[in-house]
Novice: 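Sending over a structure as structure tokens; questions will come in a sec.
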Amino acid sequence: MRFHTRKWVKPEDLNPNGTLFGGKLLAWIDEELALYSIIQLENSRIVTKHMSEINFRSSARQGDIVEIGIDVVRFGNSSLALKCEVRNIMTRDTIITIDTITMVSLGIDGKPKAHGKTTIEYINDRLK
């Protein structure tokens with residue numbers, strides 16, 4: 001799993017229990033998945049189509065740092081299937097896992113558009 005982003009848990013990110021609000025974490029995940037997909041598919045028109053079961057396994061508290069990991073599961077014709085794990089750097093606990101997230105590439109008409117990608121591309125590959 002490649003961990004791409006770190007987030008610092010601040011007071012505004014907490015629920016009434018004093019732990020990281022699940023909705024805030026899902027928003028962070030969705031944004032990171034969109035950015036990753038935009039870069040991989042080279043298209044700024046990306047939408048989240050589906051998330052499989054979301055498994056909350058632990059939490060984080062104010063001041064903790066969490067990191068979001070993403071791996072590609074498969075490339076579809078117009079989609080990219082990903083998996084995600086978020087972990088708490090401070091406690092080393094996994095906070096959440098999502099086995100499959102489907103991101104879809106859209107054309108200017110708002111309908112799914114074939115992207116022609118079959119493998120992960122890294123920055124170094126694009127600079128050659």
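Nothing fancy with the numbering, it's 1 onward along the sequence.
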Novice: Please check if the side chain of T94 supplies one atom and the backbone of I96 the other of a donor-acceptor pair under 3.5 Å.
Specialist: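 No, the answer is negative, given that no donor and acceptor are paired below the 3.5 Å cut-off.
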
Novice: Got a sec, which pairs hit side-chain hydrogen bond (donor to acceptor under 3.5 Å, both in side chains) with one end in residues 13-25, sequence neighbours left out?
Specialist: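 Qualifying pairs: N15-T19.
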
Novice: Between C84 and T97, is a side chain to side chain contact (heavy atoms under 4.5 Å, CB included) present by the stated rule, with each step listed?
Specialist: CA-CA 6 Å; C84 178; T97 56; over 6 Å; no

Novice: For S52 and T100, indicate whether the former's side chain and the latter's backbone hold a donor-acceptor pair under 3.5 Å.
Specialist: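 Yes.
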
Novice: Do other residues, nucleotides or ligands put more than 12 heavy atoms under 6.0 Å from E53 CD?
Specialist: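 Counting other residues, nucleotides and ligands, CD of E53 stays at 12 neighbours or fewer.
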
Novice: Is it the case that more than 12 heavy atoms not belonging to F21 sit under 6.0 Å from its CZ atom?
Specialist: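 No.
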
Novice: Are V104 and V72 linked, directly or through other ILVMFWY residues, by side chains that come within less than 4.5 angstrom of each other?
Specialist: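 No, no single cluster joins them.
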
Novice: Has the side chain of H115 got a donor or acceptor atom that lies under 3.5 Å from a matching backbone atom of N43?
Specialist: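 Not at all, since once roles are kept as given, no pair shorter than 3.5 Å links the two residues.
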
Novice: What pairs with T48 under side-chain hydrogen bond (donor to acceptor under 3.5 Å, both in side chains), at least two apart in sequence or on another chain?
Specialist: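 So T48 forms a side-chain hydrogen bond (donor to acceptor under 3.5 Å, both in side chains) with D30.
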
Novice: In terms of hydrophobic clustering (I, L, V, M, F, W, Y; side-chain heavy atoms under 4.5 Å; direct or indirect links), are L41 and L106 co-clustered?
Specialist: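 No; tracing contacts between hydrophobic side chains, which count when under 4.5 Å, never links both residues.
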
Novice: Is W28 reachable from L35 through a run of hydrophobic residues whose side-chain heavy atoms are each under 4.5 Å from the next?
Specialist: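 No, no single cluster joins them.
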
Novice: Identify, with sequence neighbours excluded, every residue that meets ring pair (Phe, Tyr, Trp, His ring centres under 6.0 Å) alongside Y36.
Specialist: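 Listed in chain order: H4.
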
Novice: Hydrophobic side-chain clustering at under 4.5 Å (ILVMFWY, transitive links): who's grouped with M90? Put none if nobody.
Specialist: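 Direct or chained contacts put M90 with W8, I65, I89.
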
Novice: According to side-chain hydrogen bond (donor to acceptor under 3.5 Å, both in side chains), does anything in residues 60-71 pair up with another residue at least two apart or in another chain? List the pairs.
Specialist: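 For residues 60-71, and leaving out neighbouring residues, the side-chain hydrogen bond (donor to acceptor under 3.5 Å, both in side chains) pairs sorted by first residue read R6-E67, D64-N88, E67-R87.
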
Novice: Does one hydrophobic cluster hold both I98 and I68, with members joined at side-chain heavy-atom distances below 4.5 Å?
Specialist: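 Shared cluster, yes.
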
Novice: Which pairs with one or both residues in residues 37-69 pass ring-ring contact (aromatic ring centres under 6.0 Å, His included), sequence neighbours excluded?
Specialist: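 Not a single pair qualifies under ring-ring contact (aromatic ring centres under 6.0 Å, His included).
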
